[in-house]
Amino acid sequence: MKLKLPLFYVFTWIVILSVILLTLNFGGNARPQLLDHSTSTVAEKQFSAGVSQVFSNPLILFILQLIVIIFTCQVLVVLVKKMGQPAVIGEMIAGIVLGPSLAGNFFPEFNAFLFPKSSMGNLQLVSQLGLILFMFVIGMELNIESLKKKAKAAVVISHASILIPYMLGVILALFLYKYYAPGNIQFYSFALFAGIAMSITAFPVLARIIKERNMVKTRLGTIALTCAAADDITAWCLLAFVIAIVKAGSIAASLYTIVLTMVFIGLMIYVVKPWLRKVMQSRSNDHTISRGSVGIVFMVLMISAFVSELIGIHALFGAFLAGATMPQIDNFKEKVTDKTEDVATVLLLPLFFVFTGLRTQVGLLNSATDLIICFVIIIVAIIGKFGGSALAAKLTGESNYNSLSIGALMNTRGLVELVVLNIGYDLGILTPRLFTMFVIMALVTTFMTNPVLNLINRRFPKEAGELYDNIK
């Protein structure tokens, strides 16, 4: 039965926010009792004294790392594409392959030689540059103006697909906090972050899956893209809020950062965006974008990233916001994306995947309890995102086929989830063991998207055949 949207919307907000607040209050006095979180160290041995001396040059070592990383990523991308999976799956697996979970386990001396601890700083720094460019591209891919014109159902589904998994993540944090949280993290910081980790949808991966399946112009594809875009905006705003709380130490102390963030967002939307539109209109060209215009764009990007990091909400939020404020004049966004995306995704982003893989130690999950907890995290993530999105879609009047398909698409986490997890790791919210569990969850939920969509198509062959007749 179709439920009235305002009633469903208000009811969902009241119930879920009440559960979240009650959970935070209930767990507020809890203190973590860590299990054995000792990490196994990779043997720091070299092949020979001569090789060690040659590769002690940081530039030579970094270039070698880059060669191995790009090659491994490209090989695995080709393999997963033949399996009908998006490229990001191959890149995520490449990080695991080159990290301590595989290469470090079977070839510890080579792994220690190629990725010594002394090189991790350079690898992280360059990978962060790749992420800044990537988040900038994500921001540009979001058409905020078009979101206002979409059906109310898409907005309701989007908010439900954030709120329901967020609530389940906060509840799950009650059970994870005691044994898996770092000792110096307050429960509310841990729980709020766990909610975000559960509620992420990877807009870029989802958009590419929809494009590959020729669903872009269908009603189903439009709703899914709209929901994912709204999810990205909401999730990054929530993440900025949590980062402010963690860095400030308390919700009250974070108010200063939150106020500065609101001012910063307002300046970007109401001052920088109109200024950019005016400047780019004067430089508009139907065929190309000038070098000077590119320079202005990257200055805005870097200043935005710098200011957001200075405020205390992470440079990636500034990069995302800069992309979202880029004007759409004569395909301006597409031209900037063409100049940026390949460098970011082919050259720099693989460094981030491997850096994440070097932090992911599957060997840490060495007990039945750890494996069960990892399985529970995966199940809760699927129930929250897949189930929450599908249920919201059904209650807003969508068919069973559309509802299940929307749930499967919204359950895609991909690279954006890894970005969020690494931020949590750097902030000290996640231990190595819990970080590994969440990375595995991101891999599983992203990998299952295409197979689940295929199963849904086989279950509803008539609706799947009529899909492309419903073009908006």
Side-chain angles (χ1 to χ4, degrees), residues 1-5 8-9 12 84-89 138 141-165 199-235 381-414 416 445-472:
M1 181 180 71
K2 185 175 179 180
L3 193 66
K4 290 185 178 180
L5 291 183
F8 170 73
Y9 186 75
T12 301
Q85 292 292 339
V88 69
I89 286 290
I138 291 180
E141 287 182 345
L142 298 179
N143 190 340
I144 297 177
E145 295 299 324
S146 70
L147 294 182
K148 302 174 183 177
K149 304 174 183 178
K150 300 301 181 183
K152 291 180 181 178
V155 177
V156 174
I157 295 167
S158 170
H159 286 182
S161 71
I162 283 279
L163 285 171
I164 294 174
S199 56
I200 289 294
T201 290
F203 177 80
V205 179
L206 181 144
R208 281 157 181 75
I209 290 174
I210 287 176
K211 185 176 181 180
E212 289 171 4
R213 298 179 76 95
N214 297 318
M215 295 164 59
V216 175
K217 294 183 178 180
T218 65
R219 185 173 185 276
L220 172 60
T222 301
I223 291 176
L225 284 171
T226 304
C227 292
D231 267 23
D232 258 19
I233 295 170
T234 306
I382 294 171
I383 291 174
K385 202 68 179 178
F386 183 104
S389 303
L391 177 62
K394 182 62 180 175
L395 291 174
T396 54
E398 295 296 325
S399 65
N400 290 335
Y401 173 75
N402 276 4
S403 299
L404 292 171
S405 297
I406 289 170
L409 288 165
M410 296 299 288
N411 193 44
T412 304
R413 286 175 172 83
V416 179
T445 53
T446 305
F447 186 87
M448 65 184 284
T449 303
N450 269 324
V452 170
L453 285 172
N454 292 336
L455 284 174
I456 294 169
N457 284 345
R458 285 198 287 271
R459 174 65 180 81
F460 300 94
K462 182 180 178 181
E463 290 87 343
E466 295 173 349
L467 174 66
Y468 304 104
D469 296 329
N470 300 322
I471 298 176
K472 294 190 74 176

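Just so it is clear, the model here is predicted, and its values are computed rather than measured.
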Check: Is the shortest heavy-atom distance from the side chain of Ile200 to the side chain of Lys385 under 4.5 Å?
Finding: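 No, every pair of side-chain atoms sits at 4.5 Å or beyond.
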Notebook entry, point to check: Would you say Ile157 and Met410 make side-chain contact, with heavy atoms under 4.5 Å?
Noted result: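 Side-chain contact under 4.5 Å: no.
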Straight-line distance of [X] [atom1] to [Y] [atom2], nearest 0.5 Å:
X: Ile164; Y: His159; atom1: CD1; atom2: NE2; value: 12.5 Å
X: Ile162; Y: Cys227; atom1: CD1; atom2: SG; value: 10.5 Å
X: Phe386; Y: Ile406; atom1: CZ; atom2: CD1; value: 11.0 Å

Next item on the list: Kindly indicate, with the supporting measurements, whether the criterion side chain to side chain contact (heavy atoms under 4.5 Å, CB included) is fulfilled by Asn454 and Arg213.
Entry: CA-CA 10 Å; Asn454 292 336; Arg213 298 179 76 95; 2.9 Å; yes
Check: Under 3.5 Å, is there a donor-acceptor pair between the side chain of Asn411 and the main chain of Gly407?
Finding: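 Absent.
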Item checked: Residues which pass side-chain contact (heavy atoms from CB on, under 4.5 Å) with Ile383, listed by chain and number, not counting sequence neighbours ->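 Only Leu168, Ile379 meet the side-chain contact (heavy atoms from CB on, under 4.5 Å) criterion with Ile383.
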Notebook entry, point to check: Taking only residues two or more places apart in sequence or in another chain, which ones pass side-chain contact (heavy atoms from CB on, under 4.5 Å) with Phe460?
Noted result: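 Here the qualifying residues are Asn400, Tyr401, Leu404, Ile456, Glu463.
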Looking at every heavy atom in both [X] and [Y], which two are closest together, and how far apart are they?
X: Gln85; Y: Ile89; result: OE1-CG1, 4.0 Å
X: Ala202; Y: Val416; result: CA-CG2, 3.9 Å
X: Leu206; Y: Ala224; result: CD2-O, 4.0 Å
X: Gly384; Y: Pro165; result: O-CD, 3.4 Å

Please identify each residue that fulfils side-chain hydrogen bond (donor to acceptor under 3.5 Å, both in side chains) with [X], with sequence neighbours left out.
X: Thr446; answer: none
X: Ser161; answer: Asp231
X: Ser389; answer: none

Margin query: Applying the side chain to side chain donor-acceptor pair (under 3.5 Å) criterion to Thr412, which one of Asn450, Thr201, Thr449 satisfies it?
Written below: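 Looking at Asn450, Thr201, Thr449, the match for Thr412 under the side chain to side chain donor-acceptor pair (under 3.5 Å) is Thr449.
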Check: Considering the options Val452, Ile223, Leu220, which one meets the side-chain contact (heavy atoms from CB on, under 4.5 Å) requirement together with Ser405?
Finding: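 Considering Val452, Ile223, Leu220, a side-chain contact (heavy atoms from CB on, under 4.5 Å) with Ser405 is found only for Leu220.
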